[in-house]
Amino acid sequence: MTFRRTALVATLSVVALTAAACGGGDEETATDVPVAEAPEFEAGTTMAELAEAGSMTVGTKYDQPFFGLEGLGGELEGFDVEIAKIIAAELGIAPEDIDWEETPSSVREEVIEGGEVDMVVATYTINAERAERITFAGPYYEAGQQIMVLSENDEITGPEYFTENPDATICSVRGSTPSEQIRPYLANEGQLTLFDEYSQCADSLSTGQVDAVTTDNVILLGFVSESDGEFKLVGEQFTEEPYGIGIEKGDVEFCQFINETLAANEEAYVAAWEATAGQIEGTQTPELPEPNECV
Amino acid sequence: MSPVFENFGAFVDGFLTSLSIILWALVGSLVLGIVIAACRVSPIPPLRAFGTFWVTTFRNTPLTVVLFFCAFGLPEIGINNSFFFFGVLGLVLYTSAFVCEAVRSGINSVPAGQAEAARSVGLNFTQGLRYVVLPQALRTVVPPLGSVVIAMFKNSAVVGAFGVGGELWGTGLTLTSARGFETLPIFTGVAIGYLCITLPAGALLQVLERKVAIAR
C-alpha cells in the first residue's frame with residue numbers, strides 16, 4: 001500500500017504537516033516597514049498601551065499555507081503574519097517582540113473576548129454574526145470562494161451542479177465560512193463532507209471519495225499549483241470573503257489606527273503579498289480594499 | 001443557554017446522526033467481538049493466533065489512527081464507500097478488540113468443569129461454547145462490557161473528524177466556529193446530547209445486570 005505523503009502526514013502530527021508543507025520555500029521576511037521609534041499616541045488608547053509595553057500578542061493560523069504557517073524552526077510565515085508585522089511596526093514593536101498565538105477558526109472570537117490576544121489576523125472573513133462579538137478592522141484582502149475538481153472532470157462547472165446532482169459530494173473545512181456558503185447550493189445535507197484540514201479534502205478528492213473541494217480561491221490555487229496537473233479550478237468566484245483583522249469589540253480608535261496604517265503602507269502591503277501568497281501560480285497582486293467603517 | 005434553543009433543530013439532527021452511528025457500531029462490535037473472543041479460546045491454533053493478532057492490533061492502535069486508515073487508507077487502495085460507513089467500520093474494528101477481551105474474561109470465569117461436562121455429554125467445541133459456556137460468561141461480563149460500550153458511545157464523537165457529516169460533536173463545531181455562536185452554551189448542549197444517550201444506556205445496563213445475574 002502506498003499512501004500519499006500528505007495524507008499520512010496530516011494525521012501523524014501537526015508538526016510533520018507543517019514540515020511537509022513548507023519544506024520547499026525559505027522566504028525571507030518581507031516586511032521592510034521601519035519600526036517606529038517611540039511613537040506618540042493619545043493616553044488611554046490601545047495603541048498607547050501597546051507602544052508602552054513594547055510588545056503585543058497576535059493570533060494567527062499556524063497551518064494555513066501562504067497566510068499563516070509555522071515553519072520547521074517554529075518561525076511563522078505568510079501574508080497574515082506580514083500584515084501583523086506592518087501594524088506592529090507602526091506601534092514601535094519590532095517583529096521579534098510580537099508574541100504569536102495559534103488561533104484556529106473555532107477559537108478566534110473567544111481569545112479576543114478573553115483578552116488573550118491584542119488582535120487576530122487569521123484569514124478571518126468579516127461577517128455579521130462575528131461582528132456582533134468583536135470589531136473588524138480592514139478588510140485587507142478580498143478572497144472569493146471557488147470549486148476545485150479533478151482535471152479530467154468536465155461535468156462540474158459551478159456550484160449549481162450540486163443542486164442538480166444530489167449524489168455529487170463536495171468537501172470543505174468544518175467551521176469555515178465557505179462550508180456554510182455552499183449549503184444553499186446543495187440538494188441535501190449528505191453532499192457536504194467536512195474535515196479539519198484542506199489537505200484531507202484534497203486527498204479525498206484524488207481518491208474519489210468526494211467530487212469537489214470548495215473554499216477561498218487562494219487556498220485552492222495553492223493545491224492546484226502543488227498537484228502536478230491533477231486538480232483544476234472551475235467556474236467563477238461565487239462569494240466574497242473579505243478578510244478582516246479582529247480586535248476587541250468597540251475599540252474604534254484601534255480599528256481606525258489599523259486601517260490608516262494599512263493605507264499608509266501600501267508598498268509594504270504589496271511586498272508582503274508578493275513574498276507570500278503571491279508565490280502561488282495564478283494569483284494577482286491585490287489592491288488594498290476600501291476599509292469598512294469602524295464600529 | 002439561548003444559543004442551544006435557537007439551534008435546537010441542528011442539535012436534534014446531530015443527536016439522531018450520532019445515535020445511528022452508535023447503534024450500527026454497537027451491533028457490529030458486539031457481534032465481531034464475540035466472534036473474535038471465540039477465536040481466542042478456540043482449540044485451533046491458527047484461529048487463536050488470528051484472535052490474538054486482532055486484539056493486539058486494534059487494542060494498541062489509537063482510534064484516530066484506525067479511523068484514518070479507514071477513511072483515507074481504504075480509498076487509496078480502491079475501496080470507496082461513504083464516510084459514514086468508514087466511520088462506523090473504524091469504531092467497530094477498534095471496539096471489537098475490547099469487547100473480545102471483556103467476553104474472554106467472562107469465558108475464563110466459567111469453571112473448566114462446565115466445558116468438560118459439555119464435552120462429556122457429546123457437544124463439540126462450538127456447541128459447548130454456544131449452549132454452555134457463553135450463556136454463563138455473558139452474564140458475568142455485563143459490567144465490564146457496559147463500560148466498553150459506553151466508552152464507544154463517547155468515542156463516536158471522534159468520527160466527526162473523519163468526514164462523517166452532521167453528528168453531534170461536529171454540529172457543535174459548526175455552530176461555534178462558522179456561525180459564531182458562543183462556545184460554552186453550545187458545547188454544554190453537546191454534552192447534554194451525549195448524556196441523553198449514555199445515562200439511559202447506563203440505567204439499561206443496570207437493569208440487564210440485575211435481570212441476568214445468577215446466584216452462584
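Letters A, B, ... are given to chains in the order of the sequence lines, protein chains preceding strands, and every chain is numbered from 1.
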Using a cut-off of under 4.5 Å for heavy-atom pairs, which of L194(A), T169(A), L192(A), D196(A) has the most such pairs with chain B?
-> L194(A)
Residue among E132(A), E189(A), R133(A) with most heavy-atom pairs under 4.5 Å to chain B | R133(A)
Donor-acceptor pair, Q127(B) side chain versus V132(B) backbone, under 3.5 Å?
-> no
N81(B), part contacting chain A, at a heavy-atom distance under 4.5 Å = backbone
Which atoms of E109(A) approach chain B - backbone, side chain, both or neither, heavy atom under 4.5 Å = side chain
Under 6.0 Å between the ring centres of W169(B) and F187(B)?
-> yes
Sort out for me which of C201(A), S204(A), C171(A) touches chain B most, counting heavy-atom pairs under 4.5 Å.
-> S204(A)
Side chain, backbone, both or neither: which part of V107(A) has a non-hydrogen atom closer than 4.5 Å to chain B?
-> neither
Using a distance-only test with no angle check, is there a side-chain donor-acceptor pair under 3.5 angstrom linking Y140(A) and D80(A)?
-> yes
Keeping the roles fixed (side chain from K232(A), backbone from N153(A)), state whether a donor-acceptor pair exists under 3.5 Å.
-> yes
Contact part of F86(B) toward chain A, heavy-atom cut-off under 4.5 Å: side chain, backbone, both or neither?
-> side chain
Would Y243(A) and T125(A) count as having a side-chain donor-acceptor pair, cut-off 3.5 Å?
-> no
Proximity of Y185(A) and F238(A) rings by center, below 6.0 Å = yes
Any idea which of G160(B), G78(B), S82(B) has the most non-hydrogen atom pairs under 4.5 angstrom with chain A?
-> G160(B)
